[in-house]
Amino acid sequence: MSDAIDFSLRKDDFGRLVLTAANGDIHRGVVPVRAFPIGAPDDGIALVGRHGEELAWIQQLADVPAAQRALIEAELASREFMPEIERIMGVSTYATPSVWQVKTSRGDTAFTLKGEEDIRRILHASLLIEDTHGVHFLIRDIQALDKASRKILDRFL
C-alpha cells in the first residue's frame, strides 16, 4: 500500500460511498472518476464530492487496500457502461445509417451507426463507436479483431 492513501471508504445505509479523510472530515456520496478511462483505467482516479470537489487522488488503484479497492471498482462498474466489441458479425449496409450486429463483452447486440463520424479513433489502435442512442462501444485493439471483423470495419474508416 502506498503512503499516499490517507483516507478510508465505506458504504452507508443508502449504498453511497462515504470517505473519511485523514483529518476526520466525513464526506457522503463520494463518486470515483477515472482520469484516463480507456488508455489507463487503473491510473489516476479522483474521489469527488457531491459538489464536484476533488477529495482524494489515487495514483494507482493497486495502491488502495483490497476492501476499499473493491468498493471503488463496484462503484465505477455501476456508473460505466461501455461494452467492448469482440467481433463484428455483420452490418445491414456499408452506407450509413447501418445496423451493426456485434458480439461484445456484455453479450450479442445490434446497434445503429448514424454516420462514419460516430467512429472515433481514441488511441493508436482503439476506436470508440457511438450508436444512435448515445451508447459508446469500445474496440480496444483493432488488430485483435478477427479478419472478417477488420474487413467490415475498414469499409467505414
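Treat the numbers as computed from the prediction; the structure is a model and nothing was measured.
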Check whether any side-chain heavy atom of [X] lies under 4.5 Å from a side-chain heavy atom of [Y], and answer yes or no.
X: I45; Y: V64; answer: no
X: I139; Y: I119; answer: no
X: L128; Y: M82; answer: yes
X: D63; Y: I58; answer: no
X: L61; Y: E73; answer: yes
X: R69; Y: D42; answer: no

Point-to-point distance, once rounded to the nearest 0.5 Å, from [atom1] of [X] to [atom2] of [Y]:
X: L113; Y: T93; atom1: CG; atom2: OG1; result: 11.0 Å
X: L127; Y: I142; atom1: CG; atom2: CD1; result: 3.5 Å
X: T104; Y: R87; atom1: OG1; atom2: CZ; result: 12.5 Å
X: K147; Y: D154; atom1: NZ; atom2: CG; result: 11.5 Å
X: R140; Y: I122; atom1: CZ; atom2: CD1; result: 8.0 Å
X: L145; Y: Q143; atom1: CG; atom2: CD; result: 8.5 Å

Just jot down the side-chain contact (heavy atoms from CB on, under 4.5 Å) partners of [X], sequence neighbours excluded, or say none.
X: L71; value: L9, K11, L17
X: A110; value: V99, Q101
X: E86; value: K103, S105
X: R155; value: Y94

**Q.** For D141, all residues meeting salt bridge (Lys or Arg N to Asp or Glu O under 4.0 Å), sequence neighbours excluded
**A.** none
**Q.** Test salt bridge (Lys or Arg N to Asp or Glu O under 4.0 Å) applied to R106 - qualifying residues, sequence neighbours left out
**A.** none
Q. Are L153 and L138 linked, directly or through other ILVMFWY residues, by side chains that come within less than 4.5 angstrom of each other?
A. no
Q | Same apolar cluster (I L V M F W Y, side chains within < 4.5 Å links), L76/V31 | A | no
Q: Would you list the pairs meeting side chain to side chain donor-acceptor pair (under 3.5 Å) in which at least one residue belongs to residues 123-132, sequence neighbours left out?
A: none
Q.
Applying side chain to side chain donor-acceptor pair (under 3.5 Å) as the test, list every pair that has at least one member in residues 17-28; sequence neighbours left out.
A. N23-D25
Set of residues satisfying side-chain hydrogen bond (donor to acceptor under 3.5 Å, both in side chains) with respect to [X], sequence neighbours excluded:
X: D12; answer: R16
X: Q60; answer: D43
X: D13; answer: none

Q.
Before you tell me yes or no, could you show the steps for R121 and L157 under side-chain contact (heavy atoms from CB on, under 4.5 Å), namely the whole-Å CA-CA distance, both residues' side-chain angles and the distance that decides it to 0.1 Å?
A. CA-CA 10 Å; R121 188 172 300 275; L157 297 178; 4.3 Å; yes
Q: Output yes when a side-chain donor or acceptor of R10 lies under 3.5 Å from a complementary backbone atom of V18, and no otherwise.
A: no
Q) Between R50 and G29, is there a donor-acceptor pair closer than 3.5 Å when you use the side chain of the first and the backbone of the second? A) no
Q.
D118 vs I129, test: side-chain contact (heavy atoms from CB on, under 4.5 Å). Steps then yes/no.
A. CA-CA 6 Å; D118 293 322; I129 301 172; 5.6 Å; no
Exercise: identify the closest heavy-atom pair between [X] and [Y]:
X: I38; Y: P41; answer: O-CD, 3.7 Å
X: L19; Y: A56; answer: CD1-CB, 4.1 Å
X: V30; Y: P32; answer: O-CD, 4.1 Å

Q.
Going by ring-ring contact (aromatic ring centres under 6.0 Å, His included), name the pairs with one or both residues in residues 95-123, residues two or more places apart or in two chains.
A. W100-F111, W100-F156, F111-F137
